[in-house]
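To keep things clear, I will list the structure first and then write my remarks on it.
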Number of protein chains: 2
Amino acid sequence: MNLEILENVIKFINQFVDFKEEELIAMQKKIEIIHLKKNDIFIKEGDIADRIAFTNKGYLRVYYYYNGEEITRDITPLHSFATALPSFVSQTPSFEIISAITDCELITINRDDLERLYESFPKWERFGRRIIEEMFVESQRRIYSFITETAETRYKKLLKQYPDMIRDVPLKYIADFLGIKLQSLSRLRKSLDW
Amino acid sequence: MNLEILENVIKFINQFVDFKEEELIAMQKKIEIIHLKKNDIFIKEGDIADRIAFTNKGYLRVYYYYNGEEITRDITPLHSFATALPSFVSQTPSFEIISAITDCELITINRDDLERLYESFPKWERFGRRIIEEMFVESQRRIYSFITETAETRYKKLLKQYPDMIRDVPLKYIADFLGIKLQSLSRLRKSLDW
DNA sequence: ATAATTATTTAACAAATGTTAAACTATTAT
DNA sequence: ATAATAGTTTAACATTTGTTAAATAATTAT
């Protein structure tokens with residue numbers, strides 16, 4: 001295993017829980033690096049999600065079909081975790097699809113291996129809890145923004161927080177993420193130009 | 001400690017992780033029952049959230065101020081967990097306020113006690129992780145509904161899922177929860193009457 | 001290099017939701 | 001019982017976003 005490739009993920013992990021060498025090695029033994037080309041699918045509809053990914057490079061999107069249309073619910077920022085969680089936790093077929101918006105390098109771990117890691121090292125379970133807590137808080141922040149902010153404010157904040165994302169991700173997906181139609185986003189962008 | 005009062009919470013807990021007698025007793029020793037009257041505050045703005053609550057009776061709401069106005073982001077259904085999570089996890093002053101919509105009976109545990117429970121019994125930490133996973137999934141579902149559904153659909157679904165809530169909770173809070181203004185909700189309700 | 005495909009913009013009109021202000025109804029306190 | 005307060009509805013008009021359809025721009029495949 002090339003250790004350099006794990007630099008980002010280890011840096012990320014250490015923000016939450018302080019691991020000993022052996023605990024990190026136990027994790028390293030179980031991870032698998034996956035490279036996806038643009039539009040490749042990480043988790044298919046109907047699959048049971050059995051891997052969780054850390055996006056070391058590139059952007060993933062989480063989407064599902066609604067009235068025959070693709071709706072992008074999430075665009076994962078760089079260096080974050082992604083899986084189809086409802087499927088992953090309950091081991092039921094996934095209605096969510098995860099695919100690569102750009103070429104991606106994913107650091108992944110299998111669910112069973114993760115469970116065993118949790119069993120063997122309570123600190124890993126603590127890490128799992130902390131991560132999901134962060135994800136929940138971020139998710140609540142997004143609900144807050146749907147309730148109180150206009151689409152324009154949501155767009156401006158996204159632009160500020162993830163300027164690269166706007167550059168690398170088709171606006172269709174950004175529009176879905178913001179909860180508006182592509183044409184409305186386009187109109188909104190124009191009104192900001194002046 | 002009156003064991004009957006814990007019936008609901010234990011039933012709820014057992015859905016997620018199967019606990020042994022001693023593990024449940026360890027928990028029971030640490031909980032505190034809190035009774036709130038309507039409009040009493042469970043977590044104040046600026047407080048560091050140090051308790052998490054299970055709503056054994058009644059409804060809580062989570063709100064914050066935006067441009068001097070109260071915005072209700074969450075109404076906690078019966079038999080669910082609530083705390084000001086951003087404050088609780090990072091021990092920083094809370095911008096979120098939690099108060100009682102109706103008279104409430106809360107089964108609560110102090111954060112330090114909870115941490116010690118996690119330390120002593122990895123199964124409790126597992127429970128903590130599972131619960132927050134569920135909460136995250138529910139939160140994602142709500143984002144999905146903001147993206148794809150109209151306010152009318154969101155209202156109808158809420159009505160179906162929590163008919164009691166509509167009866168017991170002022171429409172102002174419901175409207176916030178749905179992401180629309182009280183007057184819009186009122187108009188919408190009228191249009192459904194026919 | 002060119003054609004085909006994908007992404008983005010534009011515009012006119014429709015629908016949904018917000019804003020302001022007032023009236024009405026129900027609940028709570030004295 | 002009555003006054004005060006809190007909750008809900010109504011309505012007219014404003015603003016935002018959606019819808020449909022087409023044009024333009026950028027990217028990708030041959």
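Each chain gets a letter, A, B and so on, in the order its sequence line appears, and its residues count up from 1.
- B:Arg130 forms no cation-pi arrangement with B:Phe16, by the criterion of a distance under 6.0 Å to the ring centre and an angle within 45° of the ring axis.
- Of the side-chain N and O atoms in A:Lys38, one or more sit less than 4.0 angstrom from OP1 or OP2 of D:dT28.
- Protein atom NZ of A:Lys190 is 9 Å distant from nucleotide atom C1' of C:dA11, rounded to whole Å.
- The side chain of B:Ser186 places an N or O atom within less than 4.0 Å of a non-bridging phosphate oxygen (OP1 or OP2) of D:dT9.
- Taking only side-chain atoms of B:Pro170, from C-beta outward, the nucleotide of D:dG18, C:dT19, D:dT8 with the closest atom is D:dT8.
- When rounded to the nearest whole Å, the span between CG of B:Asp168 and C1' of D:dG7 equals 15 Å.
- Distance NZ (A:Lys172) to P (C:dT9): 14 Å, rounded to an integer number of Å.
- At least one test fails for B:Arg73 against the ring of A:Phe146: distance under 6.0 Å to the centre or angle within 45° of the axis.
- Ion pairing between B:Glu119 and B:Arg116 fails under the 4.0 Å rule for side-chain N and carboxylate O.
- If you measure from atom CD of A:Gln183 to atom C1' of D:dT20, you get 8 Å, rounded to the nearest angstrom.
- Following rounding to the nearest Å, A:Leu182 (CG) and C:dA7 (P) show an atom-to-atom distance of 10 Å.
- Between A:Glu70 atom CD and C:dT6 atom P there is a gap of 12 Å when expressed in whole angstrom units.
- A straight line from CD of A:Glu152 to P of D:dT16 spans 8 Å, rounded to a whole angstrom.
- Taking 4.0 Å as the cut-off between side-chain N and carboxylate O, B:Asp74 and B:Arg142 count as a salt-bridged pair.
- Rounding to whole angstrom units, OH of residue A:Tyr66 and C1' of D:dG18 are separated by 14 Å.
- Taking only side-chain nitrogens and oxygens, A:Arg189 comes nearer than 4.0 Å to OP1 or OP2 of C:dT9.
- For B:Ile180, taking side-chain heavy atoms from C-beta onward, the closest of the listed nucleotides C:dT19, C:dT17, C:dT9 is C:dT17.
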